[in-house]
Amino acid sequence: MTVRPTARPLPPTGVRASVAVAAVSAVNRLSRALGRGSGTVAGGRAGLALDPGLLTTLARGRRVALVSGTNGKTTTTRLLATALAGAGDASSVVTNETGSNMPAGHVAALADAPDATVAVLEVDEGYLGRLIEETHPEVVVLLNLSRDQLDRIAEVRMLVDRWRNALGRLPVAGAGSTGTLVVANADDPMVAYAAGTAPAVRWIGAGQVWHDDAVGCPACGGRITYADDSRWACDRCDFARPAVAADVVGDELVLADGTRHPIRIALPGQFNRANAAMAAIAALPLLEGVGERGADGGPATIDLVLGRLASVTEVAGRFSTISRAGHDVRLLLAKNPAGWTAIFDLLDETGDAGSPVVLSVNARIADGLDTSWLWDVPFERLAGRSVVATGDRRLDLGVRLRYAEVDHDVVDGPLAALDHALGRSDAKVPVEFLGNYTAFADLRRAR
Amino acid sequence: MGQHLVVCVVYPDLLGTYGDGGNGLILAKRAAWRGIDVELVQAPSDRPLPEADLYTIGGGEDGPQVRAATTLAEEGTLARRVEEGAVVLGVCAGFQLIGRSFPDASDRPQEGLGLLDLTTRKGSGARAVGELVATPFAAAPSAGTGVSLPRLTGFENHGGVSVVGPHAQPLARVELGVGNGGGDGTEGAWSGRVLGTYLHGPVLARNTALADLLLGWALGRASAPVDAVADLEPLDDYEELALRAERLEAVGAPDAHGWRRVLDRVRRRD
Ligand SMILES: [Zn+2]
């Protein structure tokens, strides 16, 4: 068992840091009182303005896990926090719940939980390097990388290079350091290339539905070819899928020793089973660090951890079911082509083929201002369903659906769109609502 | 028309970052809906480029852009097909690489295909990112007999600045946004049946007249003058017209009112 020198966070040192922490809390309280959401970002920004080193101060003495990637990071962060909180006192784990995944959000979350000894932080892909530098994580979870918000976020290969640099500077275990373990998705060549520089990696075969951003080899410019069994390799250099410590196969996690462990979670879809597997593998070394024991008195087991994840039924409203006019409406969030493709897989896997589908798309700052990505989403897969297009950019969506030859109506407003879909379907048939970031939030606010 | 039309999306594995495949899809559907026998081909960069009547070349990152230009130049099919009268739509990085030269990631000039007299260098300021509206010049190709090409609307996202040389013509005058960015207020360029634009990604979704101009070229005789586009049956473009109107209104372009009236005419296509 690894023994770590400090189990409790140290109080902020120095007058400047104390003032900054107080400012974060004050702004957070004020923002909440004014009804501006949780106010996390405002408070964090105020704190960072007073003390640019605040994140380092707040993270010091805590055991930190970072979760990053284009899709699934909010869910995986929640699952990992759940696995760790299950070890005992839930208040000992802090996480940035509200999707504020940039440093201001991290500062706010940490300042609000001075006693939490473990921090599980969701990190925007562009900030992973800074978070590694400032929080000295024990575990870094890397899910996937694909095109997302192209009008403002760096292109995929630029992110890969930045991750590579940051991960290459991670400490090696040994003299005075326990080192940082990277838990990475071996099925995504972009993640595999990025994590290739890290000193310690546990590779997981977590699957990848979207290959369009990883056709060219990131190492040599050759071509990546994919086999049916999820193996991939470059046709020019020796870059290939790394040997994995565990593989997600259907609803089981298969470890390298051949043992199979059921992933029985309440969240739907193959991608959520993959998120659960990543969270469970990442949780093990952290639990070992706090002395968590399995039923037989040995180290915490993968089954114990996977079992804890079953308690998560929704994540900030995602995957939840609401009721409207006697119909069940399932709320699903998808923000980019890979995410939408994964959700279409989920509809095929768990949905009713006759379910009407309401699609809501906005293009506000948080979504990305450019709607070109709609043409990368395989909306053709909705053919045969009754589809309603809504959101700020319902007309862009309508045109995309026209060329996908998907029968659709265009309706103003998410609730009116839902009602329109209900009116067109038999009672008791569930309805699927799919929105991108702010469109999803709009529906949650409207109801 | 009894004609077999081949639309080819060039190297989607290298140049397809911004929904660029949409242009090929839109062209193929608009031909098919008119009863034209059309084939849509996705052409990967590790295979010979297929013989096609209409090629679309999309946007991409710096490295893939250089590889696409090099491969197309070595491979030779595209230049030969253009000689034979094939139509080319180049968008964003695809626009730059059909020109004479463009900068790579380290700002070294790379040789383009030279299908358009166009030279691109790195801009000195911030990337041009946002809505772009431009009005085609009177000399721009017509969208059908006696019909001039209407205003172009789309989204741009590029760091390059392009200057149109004497052997090509700028396509449109910028009303809003940056466009070519060389200081002359122009957007896009064309020469013969080769046309390029910074309206990136699925530019044809909002500009169906441009889609039909390209189809008209591709369906006409190769020896026909460029303003003799084949006349095409009109389609029920209510949704596209509503989208155009809404986008023009959203960016405050003049004479952009009443998109809801257009939308009211959107009908279910059962
Ligand atoms: Zn390679």
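Computed from a predicted structure; not experimentally measured. Here is how names work: the chains are called A, B, and so on, in the same order as the sequence lines, proteins then strands, and each is numbered from 1.
At most 12 non-hydrogen atoms from other residues, nucleotides or ligands lie less than 6.0 angstrom from OH of A:Tyr127. Other residues, nucleotides and ligands contribute more than 12 heavy atoms inside 6.0 Å of the CZ atom of B:Arg127. By the 6.0 Å contact criterion, CD on B:Glu111 is open, its count of non-hydrogen atoms from other residues, nucleotides or ligands being 12 or less.
Side-chain atoms of B:Glu61 and A:Met158, non-hydrogen and from C-beta on, never get closer than 4.5 Å to each other. Side-chain contact check for A:Arg400 versus B:Leu25: some heavy-atom pair is nearer than 4.5 Å. Counting only heavy atoms from C-beta outward, the side chains of A:Arg393 and B:Arg247 approach each other to under 4.5 Å. With contacts defined as side-chain heavy-atom distances shorter than 4.5 Å, the pair B:Arg206/A:Val399 does not qualify.
Here B:Gly22 is the residue among B:Gly22, B:Gly154, B:Gly63 with the most heavy-atom pairs under 4.5 Å with chain A. Your options are B:Pro64, B:Ala205, B:Pro12, B:Ala250, and the one with the most heavy-atom pairs under 4.5 Å with chain A is B:Ala205. No other option in B:Ala28, B:Ser45, B:Gly201 has as many heavy-atom pairs under 4.5 Å with chain A as B:Ser45. When A:Thr371, A:Asp396, A:Val377 are compared by the number of non-hydrogen pairs under 4.5 Å with chain B, A:Asp396 comes out ahead.
Here the shortest heavy-atom pairing between A:Ser372 and B:Tyr18 reads CB-O, 3.2 Å. Between B:Pro202 and A:Trp375, the shortest heavy-atom distance links the atoms CG-CD1, 3.2 Å.
Using a 4.5 Å heavy-atom cut-off against chain A, no residue of residues 102-110 of chain B qualifies as contacting.
Listed for the B:Arg67 side chain is a donor-acceptor partner under 3.5 Å among the backbone atoms of A:Gly221.
Applying the ring pair (Phe, Tyr, Trp, His ring centres under 6.0 Å) rule to B:Phe95 yields the partners B:Tyr198; only residues at least two apart in sequence or on another chain are considered.
With respect to B:Asp13 and A:Arg223, a salt bridge is recorded, a charged nitrogen being found less than 4.0 Å from a carboxylate O. A salt bridge links B:Asp237 with A:Arg402: at least one charged nitrogen is closer than 4.0 Å to a carboxylate oxygen.
Side-chain contact annotation: B:Glu239 with A:Tyr403, donor-acceptor N/O pair under 3.5 Å absent.
Between the OG1 atom of B:Thr17 and the CG atom of A:Asp212 there is a distance of 10.0 Å, given to the nearest 0.5 Å.
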Fill in: Step-by-step side-chain contact (heavy atoms from CB on, under 4.5 Å) determination, B:His200 to A:Asp370
CA-CA 10 Å; B:His200 89 166; A:Asp370 182 9; 2.6 Å; yes
